[in-house]
Number of protein chains: 2
Amino acid sequence: MLSQVAFKEPQVHFRPHQFLAREDEEPAVIFQIDEGWACRYRLLSDGRRQITALYLPGDYCDPQWALGGKPSQPIVALTNVRASYFPCSPPAASGTGGPSAFWLSLSDMIERQTNWMVTLGRKTALERVAHLLLDLFERLRRSGLAYGQQCAMPLTQTEIADMTGLTPVHVNRTLQLLRARGLVELQAKWLRIPDLRALRQAAAVRNQGATA
Amino acid sequence: MLSQVAFKEPQVHFRPHQFLAREDEEPAVIFQIDEGWACRYRLLSDGRRQITALYLPGDYCDPQWALGGKPSQPIVALTNVRASYFPCSPPAASGTGGPSAFWLSLSDMIERQTNWMVTLGRKTALERVAHLLLDLFERLRRSGLAYGQQCAMPLTQTEIADMTGLTPVHVNRTLQLLRARGLVELQAKWLRIPDLRALRQAAAVRNQGATA
DNA sequence: CGGACTATTGAAGACGTTCAAGGTATGTGG
DNA sequence: CCACATACCTTGAACGTCTTCAATAGTCCG
């Protein structure tokens, strides 16, 4: 599939549920998502699923592959995805002054992963869902994909459950609680956050610098 | 690699509860643990604590610092710790054939972190504690610090609770369950695993290659 | 020997799960 | 345009795992 080399940036498309990478398969390339959402996950033998990373436009997928080793978890498209790709060797190796954007993005991902360990280990359902919605909004905003206080939110409640370590039923009830408290407006795959500060507090996350 | 530097390496010692690094403080050096255990954690405003990484002998602390950015979580010694240290720039940048041991260790750490997200999000108390003990044993064994089926286990039940996202009380009960089922023997800070395969199954982890 | 931390036990309660059913939206082919 | 299928969302009730609170016993170390 990837063998077709184009003149410009090589690009590739995926439909929902299509795999960008499979478990234990040597990755041929690293993707950069141009449009759409994807996720990495692990399935336990009895069907329990945990999503361990979400890839949004601009994200590398997966930066870790540049360090060597096969992907231990599959990556699948959640929506239609358009992506560029390039060889697995780190783009423009470090050493040239500051760390490149690529390595910074790896650092970001590790940081985000660490924050999620805290959320999964110690937070209530409300805090978990709040953290997720907040995370999505702020990442999309940094990429210029937020419009005022709004952004896209294509995840189903089952997918939210698999990110937050809850059941879909309880995610449903938790979203109702968040709506009832006026912390989020969420409908038709579109998210609006009336009061970012309030949601941050509800998510029990450290106050990031940017408040604008 | 780093442990084989001929001339005297600079070394430091830490006592239990002493900080190796504080939050938001520019790290001056990267440590390599020579002896003892340390951990990274985050504290929520109401006192909930989640440990997000455990550093055992041989581990770098923290490899992520080579990518730039300040540590967002403190690192504290759990036991007496002896450590070497060196500047934060990545030791012997990559490009010389395969990735260096340093980068592989970063890759290991990311992998371990991802596995912990699955455990914290989707596993029962028994599976969590089993996973932790298994993880410790296998890491120590790889460093030659296991003796047959046994290894040191200096963590208190409260520390186990802060790793597994449980309460100390429930950790206590879960350990009793593990003992009653003959999956672990644990006393006087010493761990024995009678049947590694059985414990792996109880932990619901993917079967690693090495079974010996 | 005293004090602080660690481990253990019991009882009550909360948060989230499970099971089951019904309702709503979306897309497809006739 | 409708009938139908599939996925997604919503609601209720019962249950279970883990938490919380509280008290006692054990261990370490000056």
Side-chain angles (χ1 to χ4, degrees), chain A residues 15-17 37 44 46-50 76-80 119-133 152-181 184-191 202 204, chain B residues 15-17 37 44 46-51 76-80 119-133 152-180 184-191 202 204:
Chain A
R15 316 232 83 199
H17 306 117
W37 295 26
L44 300 185
D46 59 356
R48 284 175 288 180
R49 184 172 92 137
Q50 177 66 43
V76 76
L78 293 168
T79 66
N80 284 315
T119 291
L120 292 172
R122 287 303 187 195
K123 294 196 192 167
T124 65
L126 193 108
E127 291 167 331
R128 293 181 194 205
V129 177
H131 180 184
L132 175 59
L133 298 179
M153 219 304 289
L155 299 180
T156 67
Q157 293 184 0
T158 297
E159 285 158 353
I160 296 176
D162 286 342
M163 275 240 49
T164 54
L166 301 167
T167 57
V169 171
H170 202 59
V171 165
N172 182 288
R173 292 176 174 138
T174 305
L175 284 174
Q176 291 179 48
L177 231 171
L178 282 167
R179 281 190 273 243
R181 296 198 184 169
V184 306
E185 292 164 32
L186 179 56
Q187 53 184 324
K189 305 298 181 195
W190 201 250
L191 168 68
Chain B
R15 316 232 86 204
H17 304 119
W37 295 26
L44 300 186
D46 59 357
R48 284 176 288 179
R49 184 171 91 136
Q50 177 67 42
I51 293 178
V76 74
L78 294 168
T79 67
N80 284 314
T119 291
L120 291 172
R122 286 304 188 195
K123 294 194 192 170
T124 65
L126 193 108
E127 290 166 332
R128 293 181 194 205
V129 177
H131 180 183
L132 175 60
L133 298 179
M153 218 304 289
L155 299 181
T156 67
Q157 293 184 0
T158 297
E159 285 158 353
I160 296 177
D162 286 343
M163 275 240 49
T164 53
L166 301 168
T167 57
V169 172
H170 202 59
V171 165
N172 183 288
R173 292 176 173 137
T174 304
L175 284 173
Q176 291 180 48
L177 231 171
L178 282 167
R179 281 190 273 247
V184 308
E185 292 165 32
L186 180 56
Q187 53 183 323
K189 305 298 181 195
W190 201 250
L191 168 68

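Contact check for A/Arg181 versus A/Leu126: side-chain heavy atoms found under the 4.5 Å cut-off. At least one side-chain heavy atom of A/Thr124 sits less than 4.5 Å from a side-chain heavy atom of B/Arg48.
The side chain of A/Gln157 sits closest to D/dC9 out of D/dC9, C/dT8, C/dA20. Here C/dT6 is the nucleotide among D/dC9, C/dT6, C/dC19 with the atom lying nearest to any side-chain atom of B/Thr156. With D/dC18, D/dT11, D/dC9 as the choices, the nucleotide that has an atom nearest any side-chain atom of B/His170 turns out to be D/dC18. Comparing D/dT19, C/dA20, C/dT8 against the side chain of B/Leu166 picks out D/dT19 as the nearest. For B/Val169, the side-chain atoms get nearest to C/dT9 when compared with the rest of C/dA7, D/dT10, C/dT9.
Checked by distance alone, A/Arg173 brings a side-chain donor or acceptor within 3.5 Å of a matching partner on the base of D/dG12.
Taking for each of B/Thr158 and A/Pro168 the nucleotide of DNA chain C with the nearest heavy atom, the 5'-most of the two is the partner of B/Thr158. Residues A/Leu175 and B/Thr174 both approach DNA chain D. Their nearest nucleotides, taken by heavy-atom distance, put A/Leu175 toward the 5′ side.
Rounding to whole angstrom units, CG of residue A/Asp162 and C1' of C/dT17 are separated by 14 Å. As rounded to whole Å, 12 Å separates atom C1' of D/dA7 from atom CD of A/Glu159. Between B/Asp46 atom CG and D/dT19 atom P the separation is 14 Å, expressed in whole Å. Straight-line distance from the CE atom of B/Met153 to the P atom of C/dA7: 8 Å, rounded to whole Å. Look at CZ on B/Arg49: it is 16 Å from P on D/dT19, rounded to the nearest Å. A straight line from CD of A/Gln187 to P of D/dT10 spans 11 Å, rounded to a whole angstrom. Rounded to whole angstrom, the span from the CZ atom of B/Arg48 across to the C1' atom of D/dT20 amounts to 14 Å.
One finds a side-chain N or O of B/Gln176 lying less than 4.0 angstrom from the OP1 or OP2 phosphate oxygen of C/dT9. One finds no side-chain N or O of B/Asn172 lying less than 4.0 angstrom from the OP1 or OP2 phosphate oxygen of C/dA7.
Each of A/Met163, A/Met153, A/Glu159 was compared with A/Leu132 under the side chain to side chain contact (heavy atoms under 4.5 Å, CB included) criterion, and only A/Met163 meets it.
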Quiz prompt | Criterion side-chain contact (heavy atoms from CB on, under 4.5 Å) on B/Leu120 and B/Gln50, from CA distance to verdict | solution = CA-CA 11 Å; B/Leu120 291 172; B/Gln50 177 67 42; 3.9 Å; yes
Exercise. Under the side-chain contact (heavy atoms from CB on, under 4.5 Å) rule, what do A/Leu191 and A/Leu155 come out as? Steps first, then yes or no, please.
Key: CA-CA 11 Å; A/Leu191 168 68; A/Leu155 299 180; over 6 Å; no
Self-check item: Residues B/Thr164, B/His131; criterion side-chain contact (heavy atoms from CB on, under 4.5 Å); working and verdict
Solution: CA-CA 9 Å; B/Thr164 53; B/His131 180 183; over 6 Å; no
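In this structure, CG on A/Leu175 lies 12.5 Å from CZ on A/Arg173, to the nearest 0.5 angstrom.
Heavy-atom distances under 4.0 Å link DNA chain D to B/Thr124, B/Ala125 of residues 119-126 of chain B, given in residue order.
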